[in-house]
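Model, not experiment: these values are computed from the prediction.
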Amino acid sequence: MKTFNVIANSAKMVLAATTVTVAMTSCLGEADNSYAYVQQSTLCYANSKAFNVAFQISSNWQLSKGSDADWITLDPFYSYGKGPSMGSIPVLVSPNATGKARVATINITGADGKSNLAQVLQYATKGDGSLYNARNVMSIEGSDGSKIELGYDPETRVPYYCKITKNDKVLENIIVDYLPRYSDTTRVMRMSVNDIPFTTKVDYGYQPFKALVSDENKESVDFAINSMYSQIIVKRNEGMDNANVQTFNTSGWLNPDSVSSFTRMIIGYKAHGNKMEETLDLKHTEKISNRYQSIDANQLIFGVERMNPFIFLGFYRYARCPFVFESAESVDKKYTYAVSCTLNTDKSINTLTVGREDGSSVTYTFQY
């Protein structure tokens, strides 16, 4: 099984990845200079329609799949070519509804007898961090007068609509449109956030490649992973009046199916013109999964006013803890946000109750 590192590093093999074979010159002497190499070069999520394989070969070539690859479809147009050549080929896949990562083999064979076998991997989770069969949350109603309404693309199971209100006041209104293509370099996501337009490139898991920046630079969301400290940072409009910066520390290496614990969170935001920051120690000892419903339930801890809707919707999957927080203890305020939830029979969340600093509590009821 190839790890996240191996798959990511293999992408460097291709100098200019395209969806067609790129001719390459070669000087062959009397010695045997023939070669063949193939490797998965993009991540494949449970809801991906395709992934890429990168290859180099010294002669005319043919791509084939193993008997364990019934979830893979090789496009005949991209399955053979003339050599020597190098390039990147899209491979079509079916959704992974097994609940587990799955592996298959792909082989490239050259007319000169050289061949190479690669294992390819499709993750158990979608790009947003939930399982493929996770139930789509259609609405969430809070006992504090808050309401979240959601809509999804039925095929890819990614969100296209999210409206967040409290006491009938609209806090967020997000509309998303996707142009899914085989090539990572051409697939885009168009988004309207409170009538502010965005356009950004997304990968096969519908995750933004880089920072989200509105067309007129009025809104931005930046994302970073500090692997040295196992730290994930998502910054929304840093320095602006509606700033929301969330930093998460984890206990282990991150990969798309990671079950690493989240140990600490630092949330920074602006309230009434003042910059606020809170450091919280996180606990989830009961290991209640956060993957059986489409959204990240942990964003509800601080209420709809202080949540990050982009993390909530799963656009930054590494900021989504795989478990529901049981408590978030404020290091600064010496207060614990206690969290409890009831589950449906399929392990999706039915209700989530959060204790507030003033002694009150809010219960969120999920509808599917």
Side-chain angles (χ1 to χ4, degrees), residues 1-96 98 101-123 127 155-156 179-188 201-206 209:
M1 182 176 294
K2 302 300 180 183
T3 64
F4 176 83
N5 266 345
V6 173
I7 295 172
N9 289 335
S10 68
K12 298 177 183 177
M13 185 189 73
V14 182
L15 299 179
T18 62
T19 56
V20 296
T21 302
V22 180
M24 165 178 98
T25 59
S26 176
C27 182
L28 300 177
E30 293 182 0
D32 182 10
N33 292 321
S34 57
Y35 54 88
Y37 181 79
V38 64
Q39 181 65 278
Q40 183 175 354
S41 57
T42 59
L43 297 179
C44 183
Y45 300 95
N47 63 327
S48 295
K49 291 185 175 181
F51 65 88
N52 282 4
V53 292
F55 74 96
Q56 294 184 23
I57 196 160
S58 55
S59 63
N60 294 351
W61 56 274
Q62 177 77 42
L63 199 68
S64 60
K65 64 178 185 177
S67 58
D68 56 356
D70 57 336
W71 49 275
I72 289 175
T73 300
L74 297 178
D75 189 328
F77 184 76
Y78 293 116
S79 297
Y80 66 95
K82 294 183 178 181
S85 58
M86 65 181 291
S88 183
I89 303 170
V91 176
L92 305 181
V93 299
S94 60
N96 184 4
T98 66
R102 56 187 179 183
V103 178
T105 52
I106 288 181
N107 187 61
I108 192 167
T109 304
D112 58 9
K114 290 292 182 179
S115 65
N116 185 241
L117 186 70
Q119 283 190 317
V120 295
L121 169 69
Q122 184 178 31
Y123 286 104
E155 184 177 5
T156 58
L179 292 177
R181 310 245 180 107
Y182 292 159
S183 172
D184 278 350
T185 59
T186 59
R187 184 185 294 104
V188 297
K201 293 179 181 179
V202 292
D203 65 13
Y204 285 144
Y206 304 91
F209 274 121

For the student: nearest non-hydrogen atoms of [X] and [Y], plus distance:
X    : Y    : result
V188 : V202 : C-CG2, 4.2 Å
P90  : N52  : CA-OD1, 3.6 Å
A118 : V38  : CB-O, 3.4 Å
W61  : S85  : NE1-OG, 3.2 Å
F51  : L43  : CB-O, 4.2 Å
N96  : A101 : ND2-CA, 4.2 Å

### Message
Check whether S59 reaches the backbone of A111 with its side chain - one donor and one acceptor, N or O, closer than 3.5 Å.
### Response
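Yes, S59 side chain to A111 backbone: donor-acceptor pair under 3.5 Å.
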### Task
Find out whether Y206 and N47 are in side-chain contact, i.e. whether some heavy atom of one side chain is under 4.5 Å from a heavy atom of the other.
yes
### Query
Taking the side chain as C-beta and beyond, is there a heavy-atom pair between C44 and V120 under 4.5 Å?
no
How many angstroms lie between atom [atom1] of [X] and atom [atom2] of [Y], to the nearest 0.5 angstrom?
X   : Y   : atom1 : atom2 : value
I89 : L63 : CD1   : CG    : 5.0 Å
Y35 : I57 : OH    : CD1   : 8.5 Å
L92 : K49 : CG    : NZ    : 10.0 Å
Y37 : S58 : OH    : OG    : 15.5 Å
Q39 : Q56 : CD    : CD    : 11.5 Å
F55 : M86 : CZ    : CE    : 8.5 Å

### Partner residues of S94 under the side chain to side chain donor-acceptor pair (under 3.5 Å) criterion, sequence neighbours left out
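If we apply the side chain to side chain donor-acceptor pair (under 3.5 Å) test to S94, skipping adjacent residues, the hits are R102.
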### Task
List for me each residue that meets side chain to side chain donor-acceptor pair (under 3.5 Å) alongside D68, sequence neighbours excluded, and say none if there are none.
T105
### Query
With sequence neighbours left out, what residues match K114 under salt bridge (charged side-chain N to carboxylate O under 4.0 Å, His left out)?
D32
### Given N107, L117, I108, the one that forms side chain to side chain contact (heavy atoms under 4.5 Å, CB included) with S64
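Going through N107, L117, I108 one by one, the side chain to side chain contact (heavy atoms under 4.5 Å, CB included) with S64 is satisfied by N107 alone.
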